[in-house]
Peer 1: 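Here it is, the structure in full.
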Amino acid sequence: METLIEKLHEQMNLGLQGKENGLMMLPSYVDVMPNGNEEGEYYAVDLGGTNLRVLWVRLGAERGAVADTDVQDWPIPKECYDTDNGRLLNWVADKVLEVMGRHSNVSGSQSSQVPVLGFCFSFACQQTALDNGKLLLWTKNFRGRGLIGQDVVSALSTVFQSRGIRIKIPALMNDTVATLIALRYSEPSTCMGIILGTGTNCAYIEAVGNITKLPETYKSRGSSMIINTEWGDLGAADVLPRCEEDLWVDFSSANPGHGMFEKVISGLYMGEVVRRIILRFVDRADLMGGMGSINILDCPLRREGGFNSAMVAAIDEDETRNLSVTKSIMKSMGFAKINTMEAALIRQICSLVANRSARLCAAAIVAVVQKCPHVSSSEEKVVAVDGSLFVKYKMYQERVRLALSDLLGDQAASKIRLQVVDGGSAAGAAYLAAATVHAL
Ligand code: BGC
């Protein structure tokens, strides 16, 4: 964990200088933060995990008040993950228009104006201003060359224009940036935003003087800027503890050779690593009756993606005396016979993989906290965290906290407050869009 912290510091510094082999360290160009005085109606799109979320919100006259809100989620359809077919943004526009249809006649100050939308897009984008960003690479399950190198704000605006709809998109941001902003709205000492869900990443507030790659014109605009680290892309194969199953998970992923840190941490890969380890025990050590005991065509455990991180969580948190939760999950995987000792082994596999993720994540949190320039060591550092892996998996949260204590000691670790901001991305995107149009 200590070597990882050193490695992260090295790669963060290289990235801030724009040098090769460093983390991407992408400037967010956020220089106006929401302050609660924003009013009016706004939309937000949150795209990047397993679901698309569209939010409509009416910010009230009272400071920080949300007068009304409407949120809807849709699972991203399979065909949209293949970005070469160009369907993704058309589908997103359909869903935005569906929500907009419910509010276009809403009486209010903004109803006759062009609707304003904050765009939270959870992939690495190279921005030169808040309202643009070239997509650098797809991660998670997204494949293909679609939109790579293109400005995703123009691309989405073009789709709306082609349908005769005018929409203003003043702010594009990563989900980590939106999460940080969403909490900072009510908690001004928030210095980091982390996502632990399908993917993982972190944004933090850096001193402008340290971002040497930032164009000179921007250096005079403010003293600090939110940086999207893209820590999932940390290329530290030499320091990451990996087993053979990790190599297979990488090999069969949509982006082999990339996102090594993400692949030992985030929810999309955790179930897959566990699945492959269990399968190896079934195959080599006849666990649960061995391969001969299952119907090969009808065994989810033999299928890629057949075992997910929600199952890892349920097994890791199985406190029943006979491990009945673990047994019933294994039965649903096609293993009719499983004894308590075998269930205990499976639980141990889940705990080990989850613990590895939590401890590596804690090391990365420490690395970034140590880089936050404005917070003294005695001050509380508030870290906004969103993503289903962290939000829904209580034992995982405990494991991260324990690892922070192991690294820093109880007292220093107690100064890092991990604060869940469930659904912060869409809210942060709407607030930032509101603050940006208010500042104009
Ligand atoms: C993406 C990040 C994103 C993270 C969490 C990663 O795969 O590269 O931009 O913040 O997932 O959604």
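Read the numbers this way: they start at 1 and go in the same order the structure lists the ligands and their atoms. In what follows, residues are counted from 1 in the order of the sequence shown.
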Peer 1: Please classify the Ala124 to ligand 1 contact at 4.0 Å (heavy-atom distances, strictly less than): side chain, backbone, both or neither.
Peer 2: backbone
Peer 1: Under 4.0 Å from a heavy atom of Phe123: which atoms of ligand 1 are those, numbered in the order shown and with their elements?
Peer 2: 9 (O)
Peer 1: If hydrogens are left out, which of Leu26, Asp233, Thr176, Asp175 has an atom nearest to atom 5 (C) of ligand 1, that is, the closest non-hydrogen atom?
Peer 2: Asp175
Peer 1: Answer with yes or no whether the side chains of Asn13 and Lys371 bring together a donor and an acceptor at under 3.5 Å.
Peer 2: yes
Peer 1: Kindly write out the residues that satisfy side chain to side chain contact (heavy atoms under 4.5 Å, CB included) with Val325, not counting sequence neighbours, or none if the list is empty.
Peer 2: Ala314, Asp318, Thr320, Ile329
Peer 1: Given that the side chain starts at C-beta and the backbone is N, CA, C, O, which of these parts of Thr200 lies under 4.0 Å from ligand 1, counting heavy atoms, or is it both or neither?
Peer 2: backbone
Peer 1: For Asp46 and Val54, run side chain to side chain contact (heavy atoms under 4.5 Å, CB included): C-alpha distance rounded to whole Å, both residues' side-chain angles, the deciding distance at 0.1 Å, then the answer.
Peer 2: CA-CA 6 Å; Asp46 176 10; Val54 178; over 6 Å; no
Peer 1: Against heavy atoms of Ile195, which atoms of ligand 1 measure under 4.0 Å?
Peer 2: 5 (C), 12 (O)
Peer 1: Would you call the rings of His438 and Tyr42 parallel, tilted or perpendicular if under 30° counts as parallel and over 60° as perpendicular?
Peer 2: tilted
Peer 1: Verify whether one side chain among Asn141 and Lys78 offers a donor that lies under 3.5 Å from an acceptor in the other.
Peer 2: no
Peer 1: For atom 11 (O) of ligand 1, what is the closest protein heavy atom, and at what distance to 0.1 Å?
Peer 2: Lys140 NZ, 3.1 Å
Peer 1: What protein heavy atom sits nearest atom 6 (C) of ligand 1, and how far away is it?
Peer 2: Glu262 OE1, 3.1 Å
Peer 1: Find all atoms of ligand 1 within a distance of less than 4.0 Å from any non-hydrogen atom belonging to Glu230, and give their numbers and elements.
Peer 2: 1 (C), 2 (C), 8 (O), 9 (O)
Peer 1: Any N/O of Thr139 closer than 3.5 Å to an N/O of ligand 1?
Peer 2: yes
Peer 1: With sequence neighbours left out, what residues match Thr198 under side chain to side chain contact (heavy atoms under 4.5 Å, CB included)?
Peer 2: Thr50, Lys140, Leu268
Peer 1: Decide, yes or no, whether a salt bridge links Asp84 with Arg143 under the criterion of side-chain N to carboxylate O below 4.0 Å.
Peer 2: no
